[in-house]
Amino acid sequence: MTSPQIKTALEAAILAPSPHNTQPWRFEVAEDTVELFLDESRILAIADPDGREARMSCGAALFNLRMSLRSRGVPVRVELLPDRDRPALLARVRIGGHLAVASDELVLCQAIPRRRTNRGPFREERVPGSVQKTLRQAALRERGRLILLDQPARYSAVATLLRLAEFSQRQDTDFQDELVQWVAGDPARLDGVPPLASGPPPVTEPLVLLREYGSNSQKAPREYEQEPLLGVLVTHGDTSYDHLLAGQAMQRVLLAATVCEVSASFLSAAVELPSSRASLRSLLGDGAYPQVVLRFGYGYQAPGTRRRPVDEVSTCPQNQT
Ligand SMILES: Cc1cc2nc3c(=O)[nH]c(=O)nc-3n(C[C@H](O)[C@H](O)[C@H](O)COP(=O)(O)O)c2cc1C
């Protein structure tokens, strides 16, 4: 394994999404191994006290790392939670040798730098059934399941739940105090969410409310879509292992959406508040655990967010990266 390949893979890994752009990951690189650690100091104490979303974010980073290596023909063997005495060690990735590149891996890898959370309005244009099928298959490939809400009764029950959960977080001073810490007002800041990444103010309040990072009043108000396509990614269990699977499935779905020119944003209030999450779980009805709620549609160019550089989040005993 050459060091430029590992460096490129780490550069892809850190483009993963994370709540409030906290980037809760750390990598240790050895000759033919990359170890992925949870950076516990970057877990959101209020929004994510159990670190579930932080582990999902690391799962997403792991997926990007895998795709980057695979797109260069490098076989990847991943062991999740390889050491029960070190729960922060989330994955050990062994690399080396050669295996032909699959075309889908190449296409997903190319989508990594183009994927963005898009909090802006979407056009009133339905996501076709064929694309919906692609998104569901992407989740299944990573042992997750994406439930797209296509029955009107269930859609409106979930939309109401999302709305109430978002209102509840807007009124929760602890949540808001934490969020403010992650508003990246200074353009030089390498984590957090810049106010520009919020959508413009709505002309009419939409059914589904999006999280706001700082004031977006400098943007002209816009009309949002009436009923975005909503999807809930679920897993069988709710252990750390499941969260890592969920993160990989989430990232495969987001990249598959990017490939199809479909934009996505997150609606996490309903899975961050324990009582809302329990209600959502019972609404979905088959005992699976909701891990992330996504809004899909056809949007306009979304601004990017920054990342801490690879050198800052990785150590390399043999001075490889
Ligand atoms: C598990 C998870 C939950 C998230 N929840 C929300 C959310 O509820 N609202 C929101 O606007 N963004 C949410 N995000 C998106 C992050 O804010 C976003 O990934 C981060 O700012 C980096 O920006 P990017 O996705 O454009 O690269 C979430 C991301 C992850 C991984």
Side-chain angles (χ1 to χ4, degrees), residues 11-25 38 42-44 46-48 50-64 111-120 144 161-163 165-170 172 175-176 178-179 181-184 189-199 206 208-214 216 224 228 230-235 242-255 257-258 263-273 276-277 280 289-295 299 301-308:
E11 275 161 358
I14 63 169
L15 294 179
S18 57
H20 298 351
N21 197 19
T22 43
Q23 307 167 37
W25 42 67
L38 175 64
R42 288 180 165 262
I43 293 176
L44 295 167
I46 305 295
D48 184 31
D50 303 326
R52 182 183 62 81
E53 292 187 330
R55 281 188 290 278
M56 285 183 62
S57 309
C58 289
L62 173 63
F63 185 78
N64 284 2
I112 291 172
R114 291 199 292 121
R115 182 214 59 81
R116 279 167 187 188
T117 300
N118 190 335
R119 299 180 188 82
L161 189 74
L162 296 178
R163 209 176 153 74
E166 176 60 30
F167 275 132
S168 165
Q169 281 188 336
R170 286 186 184 189
D172 178 342
F175 179 87
Q176 291 301 326
E178 182 177 70
L179 184 145
Q181 306 294 316
W182 293 96
V183 175
R189 186 170 164 179
L190 297 175
D191 57 10
V193 185
L196 261 183
S198 296
V208 172
L209 300 170
L210 297 162
R211 190 169 279 170
E212 286 169 13
Y213 289 90
N216 58 3
Y224 282 67
L230 297 176
V232 186
L233 185 96
V234 301
T235 49
D242 295 300
H243 304 155
L244 291 169
L245 294 183
Q248 292 176 84
M250 172 186 79
Q251 186 65 359
R252 193 167 196 129
V253 168
L254 292 172
L255 293 179
T258 306
S263 298
S265 54
F266 297 73
L267 302 157
S268 297
V271 285
E272 287 171 352
L273 297 170
S276 306
R277 190 173 182 224
L280 180 59
Y289 290 87
Q291 302 294 355
V292 69
V293 183
L294 296 167
R295 156 188 178 251
Q301 177 94 32
T305 51
R306 302 195 68 188
R307 295 293 187 275
R308 295 175 299 146

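Just so you know, ligand 1 is whichever comes first in the structure, and atom 1 is the first atom listed for that ligand.
The N/O atoms of Glu53, backbone and side chain alike, include none that comes under 3.5 Å of an N/O atom in ligand 1. An N or O contact shorter than 3.5 Å is missing between Glu272 and ligand 1 by distance. At least one N or O atom of Thr305 sits closer than 3.5 Å to an N or O atom of ligand 1. Ligand 1 has an N or O atom lying under 3.5 Å from an N or O atom of Ser268, backbone or side chain.
Within the structure, ligand 1 has His20 among the residues with a heavy atom less than 4.0 angstrom away. Using a 4.0 angstrom heavy-atom cutoff, Glu166 does not count as in contact with ligand 1. Close to ligand 1: Ser57, with a non-hydrogen atom less than 4.0 angstrom away.
Neither the backbone nor the side chain of Glu212 comes within contact range of ligand 1; no heavy atom lies under 4.0 Å.
In the vicinity of Val193, heavy-atom distances shorter than 4.0 Å reach the ligand 1 atoms 21 (O). Of all the atoms in ligand 1, the ones that sit under 4.0 Å from a non-hydrogen atom of Pro17 are 19 (O), 25 (O), 31 (C).
The ring pair (Phe, Tyr, Trp, His ring centres under 6.0 Å) test applied to Tyr213 returns His20, not counting sequence neighbours. Among residues two or more places apart in sequence or in another chain, the side-chain contact (heavy atoms from CB on, under 4.5 Å) test is passed with Ala246 by Met56, Leu233, Thr235, Gln291.
At a cut-off of 3.5 Å, with distance as the only test, a side-chain donor of Arg295 or Ser265 sits close to an acceptor on the other residue. Using modelled atom types, one finds a donor on one side chain and an acceptor on the other under 3.5 Å when comparing Asn21 with Arg307.
Residue, atom and distance of the protein heavy atom nearest to atom 30 (C) of ligand 1 are Phe266 CE2, 3.5 Å. In terms of protein heavy-atom proximity, atom 20 (C) of ligand 1 is nearest to Ser18 O, 3.4 Å.
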Tyr224 and Val208: CA distance, side-chain angles, deciding distance, side-chain contact (heavy atoms from CB on, under 4.5 Å) verdict
CA-CA 9 Å; Tyr224 282 67; Val208 172; over 6 Å; no

Given the rule in the side-chain contact (heavy atoms from CB on, under 4.5 Å) test, do Ser18 and Trp25 qualify, once you have shown the distances and angles that lead to the verdict?
CA-CA 10 Å; Ser18 57; Trp25 42 67; 4.2 Å; yes

With side-chain contact (heavy atoms from CB on, under 4.5 Å) as the criterion, how do Leu267 and Leu294 come out once you've worked through the C-alpha distance, each side chain's angles and the decisive distance to 0.1 Å?
CA-CA 6 Å; Leu267 302 157; Leu294 296 167; over 6 Å; no

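Ion pairing between a basic and an acidic side chain is recognised when a charged N comes within 4.0 Å of a carboxylate O; Arg42 and Asp191 show such pairing.
Residues Phe266 and Pro17 are in side-chain contact: their nearest non-hydrogen atoms beyond the backbone lie under 4.5 Å apart.
Looking at Leu210, Thr117, Val292 and measuring to atom 26 (O) of ligand 1, the nearest heavy atom belongs to Thr117. Residue Arg119 holds the heavy atom nearest to atom 12 (N) of ligand 1 of all those in Arg211, Arg119, Gln169, Arg295.
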